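As the structure is a prediction and not an experimental result, all values here were calculated from the model. Worth knowing before you read on, the calculation uses all heavy atoms, side chains too, and leaves out hydrogens, waters and symmetry mates. One-based numbering along the sequence shown. Counting starts at 1 for both ligands and their atoms, in listed order.
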Amino acid sequence: MSHYHRRTKIVATVGPASSSPEMIANLLDEGVNVFRLNFSHGSAESHRKQTEIIRSVAKNKNRNAAILGDLQGPKIRIGDLVKDTVELINDSEIILTIDDNKPNSETCISVGYKALPKFVTKGDVLLLDDGLMRLEVMQVDESDVTCKVISGGTLKPRKGLNRLGGGLSAPTITAKDEEDLKLAIELELDYLAVSFPSCAADLKPVRDALNQANIKTGIVSKIERAEAVASEDTLRALIEASDGVMVARGDLGVEIGDPQLIGVQKKIIRFARLANKPVITATQMMESMISSPVPTRAEVFDVANAVLDGTDAVMLSAETATGNFPAQVVRAMAATCLGAEQHPDVKITKRAVEETFYGIDTCIAMSAIYAANHLYNIGAIICLTESGSTALLMSRLESHLPIYALSRHRVTCRKMALYRGVKSIFYDVTEHGHDVYRSALETVAAAGQLVSGQRVVITCGDISGSGGQTNLVKILQWRGSEEEL
Ligand SMILES: Nc1ncnc2c1ncn2[C@@H]1O[C@H](COP(=O)(O)OP(=O)(O)OP(=O)(O)O)[C@@H](O)[C@H]1O
Ligand SMILES: CC(=O)C(=O)O
Ligand SMILES: [K+]
Ligand SMILES: [Mg+2]
């Protein structure tokens, strides 16, 4: 009965194509673990309603799905255009202006970001619409930036503007973000993504607000600015100050260039795992499935590559928010993850062999994975966890075995939905008295995991239920529910 489970988690952005209870149910059935609400789109009321729908559908299905809110952040966008679309012709000249009194035309486009002329200089390359169009800065004066079109195309209103190499800075938390932060706290979202932080200090307003509200929402830092990856120390400190990170390839790719992004993705994932933080790989993973029922082979390999890099989760954006095939893309992604996870490199860990552990819980978590990976006839790893930290530590090491994380806190169960290889089950340890091990094994067996005779590695604290730290690892044999242990 023991079967292989997908370890890599799937984050799906909810939008007009996926907002109904029926579609949320479909997406859960196809394997979505985390739903993303993008605060760049939709009203507070729509996000409130969506949160309610996701929670009630997940509850009916007895699924621990997390919700991730994604702040808009200081994304620099062009303003409205003189027409629905404007053609940018190669080698022609256009002006980006911050002067609100200047009339828009096909060659004069307004930009709300007032610091633009201060931050760009002659020779800079500016990218529009996630890099689809390219401009070179020819001349800068007080309110106008005159550019030559290097690579033209059809421009739509309110598209993003980036500078190659980064450096277009604005405060990380905008007035809109402050409102959305309040909403995230009101809704007690499981995770909140902060857009465009350039260093650890940028997270402080969000961290302070969450602490003040005394809620467990985890901060996910979106790595999408050249500055955040310019130095390894900055990147490490940013990851350390976060509860998780996202490789936000849409903006990061246009700032540093796709050829650089290949190595940077691997580095961010490696640093996150070493810092014991979960990591999401995002954007254009199966982009063609917005309008096609099957992914391209290149997309399948891009998703697989992120899995082999060690990502906890892969993310879908417009594919599920506005695409024509939301359920099919989740199915294709799930199948791809399962395929990639067959690679021997991600089944056994080589990490930590020469590391010194400073915490007892870290040592227990690492020992449990090593024991499980090397023990004959083992069916599962089980951890009893209050905050989920043991499950997170365990999932930083590669294994082919499922980590069953049993917690009596609903919020812990939901947050663990993001961790690679972890299956969370709601289980109130305080109701099981002296028979905790047996009931824990029965719980996992009921989930369909264990075959009689298989061994199980289980970790817990000696005073489970009081929040005491994990200090015990035990190996037990499952002999079926009718017999004695
Ligand atoms: N809630 C929503 N309502 C309407 N459209 C949405 C919604 N969420 C996403 N979309 C659409 O899906 C596209 C891709 O989704 P995504 O979340 O990546 O948006 P984005 O604006 O590119 O992201 P970001 O805000 O991170 O820059 C968006 O450009 C938008 O057109
Ligand atoms: C997700 C996002 O914001 C990006 O990829 O840029
Ligand atoms: K956003
Ligand atoms: Mg972005």
Side-chain angles (χ1 to χ4, degrees), residues 10-15 34-44 46-47 50 67-78 113 127-132 158-164 166 168-181 183-184 189 191-198 202-203 206 219-229 238 242 244-258 260-262 264-265 268-269 272 278-287 290 299 302-303 306 311-323 418:
I10 297 177
V11 182
T13 304
V14 183
V34 179
F35 290 98
R36 168 176 176 254
L37 304 180
N38 189 350
F39 291 133
S40 300
H41 309 280
S43 63
S46 70
H47 294 305
Q50 195 65 61
I67 302 181
L68 164 81
D70 190 335
L71 296 175
Q72 172 169 261
K75 179 137 181 153
I76 299 164
R77 296 177 196 263
I78 59 160
Y113 178 57
L127 300 140
L128 291 163
D129 194 1
D130 284 356
L132 241 49
R158 307 205 46 74
K159 283 296 173 187
L161 173 71
N162 301 69
R163 182 173 77 171
L164 189 65
L168 294 183
S169 61
T172 303
I173 305 299
T174 66
K176 170 170 166 48
D177 294 338
E178 277 176 31
E179 289 308 304
D180 291 334
L181 173 56
L183 180 64
L189 298 187
Y191 291 101
L192 185 61
V194 176
S195 296
F196 299 98
S198 50
D202 285 347
L203 303 180
V206 179
I219 296 179
V220 173
S221 284
K222 291 168 72 179
I223 313 295
E224 55 182 341
R225 211 175 229 192
E227 291 88 328
V229 296
L238 181 53
S242 318
V245 297
M246 184 192 294
V247 189
R249 309 188 305 180
D251 285 288
L252 187 57
V254 297
E255 288 210 358
I256 67 173
D258 283 342
Q260 276 67 39
L261 183 58
I262 302 162
V264 167
Q265 171 175 313
I268 297 169
I269 293 173
V279 50
I280 302 165
T281 304
T283 307
Q284 292 187 1
M285 298 221 83
M286 290 195 161
E287 189 82 352
I290 292 169
E299 288 167 342
D302 180 38
V303 170
T311 198
D312 284 84
V314 280
M315 190 171 109
L316 295 163
S317 302
E319 296 97 326
T320 48
T322 53
L418 182 60

### Proximal ligand 2 atoms for Gly250, defined as those under 4.0 Å from one of its heavy atoms
4 (C), 5 (O), 6 (O)
### Summary
Numbered in order shown, the ligand 2 atoms found under 4.0 Å of a heavy atom of Arg249 are 5 (O)
### Query
Should Ile219 and Leu192 count as side-chain neighbours, where that means a heavy-atom distance under 4.5 Å?
no
### Message
Test of geometry: compute the angle OD1(Asp70)-the K ion (ligand 3)-OG(Ser40) and round it to 10°.
### Response
160°
### Rounded to 10 degrees, the angle O of Leu71 makes with OD1 of Asn38 at the K ion (ligand 3)
120°
### Message
Between Asp70 and Ser195, do the side chains contain a donor N or O and an acceptor N or O under 3.5 Å apart?
### Response
yes
### Message
Looking at non-hydrogen atoms alone, which of Ala248, Gly160, Ser40, Ala193 comes nearest to atom 2 (C) of ligand 2?
### Response
Ala248
### Task
Apply the test side-chain hydrogen bond (donor to acceptor under 3.5 Å, both in side chains) to residues Arg249 and Gln265: give CA-CA distance (whole Å), side-chain angles for both, the deciding distance (0.1 Å), then the verdict.
CA-CA 8 Å; Arg249 309 188 305 180; Gln265 171 175 313; 3.1 Å; yes
### Task
Identify, by atom number and element, the atoms of ligand 2 in contact range of Thr283, meaning under 4.0 Å from any of its heavy atoms.
1 (C), 2 (C), 4 (C), 5 (O)
### Message
Would Lys222 count as being in polar contact with ligand 2, using the rule that some N or O on each side must be under 3.5 angstrom apart?
### Response
yes
### Query
Does any N or O atom in Glu224 lie less than 3.5 angstrom from one in ligand 2, N or O only?
yes
### Task
Would you indicate whether the side-chain heavy atoms of Val245 and Ile268 approach each other to under 4.5 Å?
yes
### Summary
In terms of heavy-atom contacts, Ile173 and Asp202 come closest through CG1-O, 4.4 Å
### Message
Are Asp251 and Lys75 packed together at the side-chain level, in the sense that at least one heavy-atom pair is separated by less than 4.5 angstrom?
### Response
yes
### Task
May I ask you to check whether Gly73 brings an N, O or S atom to under 3.4 Å from the K ion (ligand 3)?
no
### Query
Taking the Mg ion (ligand 4) as the vertex, what is the angle from OE1 of Glu224 to OD2 of Asp251, given to 10 degrees?
100°
### Query
Do the non-hydrogen side-chain atoms of Glu255 and Glu227 ever get within less than 4.5 Å of each other?
yes
